[in-house]
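Structure first, commentary second.
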Amino acid sequence: MDGRAAAPAAGTVLNALATGIGSAFALDFDVTADVSLDATADGVTGSIADHPEADTALVERCVSLVTEEYGDGEGGAVHTDSEVPLASGLKSSSAAANATVLATLDALGEADTVAREDAARLGVRAAREVGVTVTGAFDDASASMLGGLTMTDNREDELLFREEVEWAALVWTPPEQSFSADADVERCQRIAPIADHVADLAADGAYGTAMTVNGLAFAAALGHPTEPIVDALPHADGASLSGTGPSYVAVGEEDALQEVKPLWDDNPGTVRLTTTRLDGARTT
């Protein structure tokens with residue numbers, strides 16, 4: 001039994017580390033998962049393209065949870081291939097979990113019968129169980145699974161709202177990595193009043209302002225530079241550190257972001273111009 005699915009990356013409007021309330025939006029590059037199930041297999045093995053030494057516990061647990069819930073506990077194998085840099089703040093773990101959950105459901109013939117929100121929650125549960133997330137990251141998972149922009153209460157895995165946003169997006173990914181599970185949660189909790197303000201801005205539809213305030217606050221709290229955000233502000237509708245970094249995302253009109261690109265190109269790493277995505281995870 002084979003299944004295949006893809007799920008997009010995401011950028012941050014509000015980091016959930018401070019209060020448990022988070023918001024994110026889907027970006028137009030994917031993680032793809034191929035799953036093969038075998039009723040006689042003992043356990044699940046995972047692999048990640050171009051990263052033979054990478055930890056595959058998350059995607060392996062995703063397969064196991066889905067087969068326990070919707071199958072007969074089948075084992076098998078999962079292989080992921082990513083356009084999203086690992087540990088870059090662009091929700092590669094959430095996208096990998098979503099793609100793996102949906103690919104496993106596809107292999108079981110259940111992809112069209114399980115609600116997408118419930119599928120995302122399985123990936124969140126797997127992420128918590130293997131320790132790759134602090135908050136559970138339902139904000140990131142929901143944006144990747146559903147597409148568009150979402151706000152969630154990660155303490156309850158509750159979707160507060162989803163909106164369709166259409167922006168060009170500029171993404172700068174420095175060469176270093178930053179793992180969400182290593183973030184200084186206590187330091188982030190000190191800026192909870194600012195996070196509450198960001199949540200209010202986002203709830204009122206002021207997404208660009210919300211993500212900029214978020215970016216300035218969390219970059220300072222997590223020890224990342226604020227200069228990329230300031231450089232983007234004369235042109236972008238909004239700019240932020242994405243997740244716990246190190247990537248930054250600016251959104252707005254494509255012509256305006258073309259003014260930001262040469263400024264970010266002066267930094268080491270990769271700068272990509274892309275768009276937001278209204279569709280989320282899907283079988284392929």
Under 4.5 Å between side-chain heavy atoms, hopping through other hydrophobics if needed: is there a path connecting [X] to [Y]?
| X | Y | answer |
| --- | --- | --- |
| V114 | V35 | yes |
| L37 | L58 | no |
| F138 | L14 | no |
| M151 | V124 | no |
| L105 | M145 | no |

*Scan for salt bridge (Lys or Arg N to Asp or Glu O under 4.0 Å) pairs involving residues 64-75, sequence neighbours excluded, and state none if there are none.*
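For residues 64-75, and leaving out neighbouring residues, the salt bridge (Lys or Arg N to Asp or Glu O under 4.0 Å) pairs sorted by first residue read R61-E68.
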Is a side-chain donor-acceptor pair under 3.5 Å present for [Y] with [X]?
| X | Y | value |
| --- | --- | --- |
| T173 | S247 | yes |
| D139 | S23 | no |
| D38 | T40 | yes |

Contact summary for [X] and [Y], nearest pair of heavy atoms:
| X | Y | value |
| --- | --- | --- |
| A24 | A10 | CB-CB, 4.4 Å |
| A195 | T19 | CB-CG2, 3.9 Å |
| A236 | A250 | CB-CB, 3.9 Å |
| L257 | L170 | CD1-N, 3.7 Å |
| R116 | L102 | NH1-CD1, 3.6 Å |
| E253 | D237 | N-OD2, 4.5 Å |

Measuring only between side-chain heavy atoms, which start at C-beta, is [X] closer than 4.5 Å to [Y]?
| X | Y | answer |
| --- | --- | --- |
| R125 | C62 | no |
| V78 | D34 | no |
| F218 | T12 | no |
| F29 | T274 | yes |
| I48 | S82 | no |
| L159 | E117 | yes |
| F25 | V13 | yes |
| V260 | Q258 | no |

So, does [X] use its side chain to make a donor-acceptor pair with the main chain of [Y] at under 3.5 Å?
| X | Y | answer |
| --- | --- | --- |
| E60 | G46 | yes |
| S88 | V84 | no |
| S144 | A141 | no |
| H79 | T32 | no |
| R162 | G147 | yes |
| T276 | W167 | yes |

Just verifying a value: how many Å separate [X] [atom1] and [Y] [atom2], rounded to the nearest 0.5 Å?
| X | Y | atom1 | atom2 | answer |
| --- | --- | --- | --- | --- |
| E156 | D153 | CD | CG | 5.5 Å |
| T244 | D184 | OG1 | CG | 11.5 Å |
| H51 | D81 | NE2 | CG | 9.0 Å |
| I21 | L17 | CD1 | CG | 13.0 Å |
| E259 | E254 | CD | CD | 12.0 Å |
| L149 | R277 | CG | CZ | 15.0 Å |

*Begin from the C-alpha positions of D2 and S36 and carry the test side-chain hydrogen bond (donor to acceptor under 3.5 Å, both in side chains) through to its verdict.*
CA-CA 4 Å; D2 299 329; S36 296; 2.9 Å; yes
*Tell me, with the steps shown, if D112 and T283 meet side chain to side chain contact (heavy atoms under 4.5 Å, CB included).*
CA-CA 10 Å; D112 294 328; T283 56; 5.7 Å; no
_Could you go through R4 and T284, starting from their C-alpha distance and side-chain angles, then the distance that decides it, and tell me whether this counts as side-chain hydrogen bond (donor to acceptor under 3.5 Å, both in side chains)?_
CA-CA 6 Å; R4 193 169 197 266; T284 60; 3.2 Å; yes
_Would you say CG of D266 has more than 12 non-hydrogen atoms from neighbouring residues, nucleotides or ligands within 6.0 angstrom?_
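Atom CG in D266 is packed in, count exceeds 12.
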_Pair R128 + D157: basic N to acidic O under 4.0 Å_ =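 Salt bridge: yes.
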*Under-4.0 Å salt bridge between R282 and D30*: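 Yes, this pair counts.
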Let me have the donor-acceptor pairs involving side chains of residues 201-214, under 3.5 Å, with sequence neighbours excluded, atom names and distances please.
{"residue": "T212", "atom": "OG1", "partner": "G208", "partner atom": "O", "Å": "3.0"}
{"residue": "T212", "atom": "OG1", "partner": "A239", "partner atom": "N", "Å": "3.1"}
{"residue": "N214", "atom": "OD1", "partner": "N15", "partner atom": "N", "Å": "2.9"}
{"residue": "N214", "atom": "ND2", "partner": "S240", "partner atom": "OG", "Å": "3.0"}

*Quick one: sort the W264 and W172 rings into parallel, tilted or perpendicular, breaks at 30° and 60°.*
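Ring orientation, 0 to 90° scale: tilted.
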_Pairing residues for R190 by the salt bridge (charged side-chain N to carboxylate O under 4.0 Å, His left out) criterion, not counting sequence neighbours_ =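 Listed in chain order: nothing, the list is empty.
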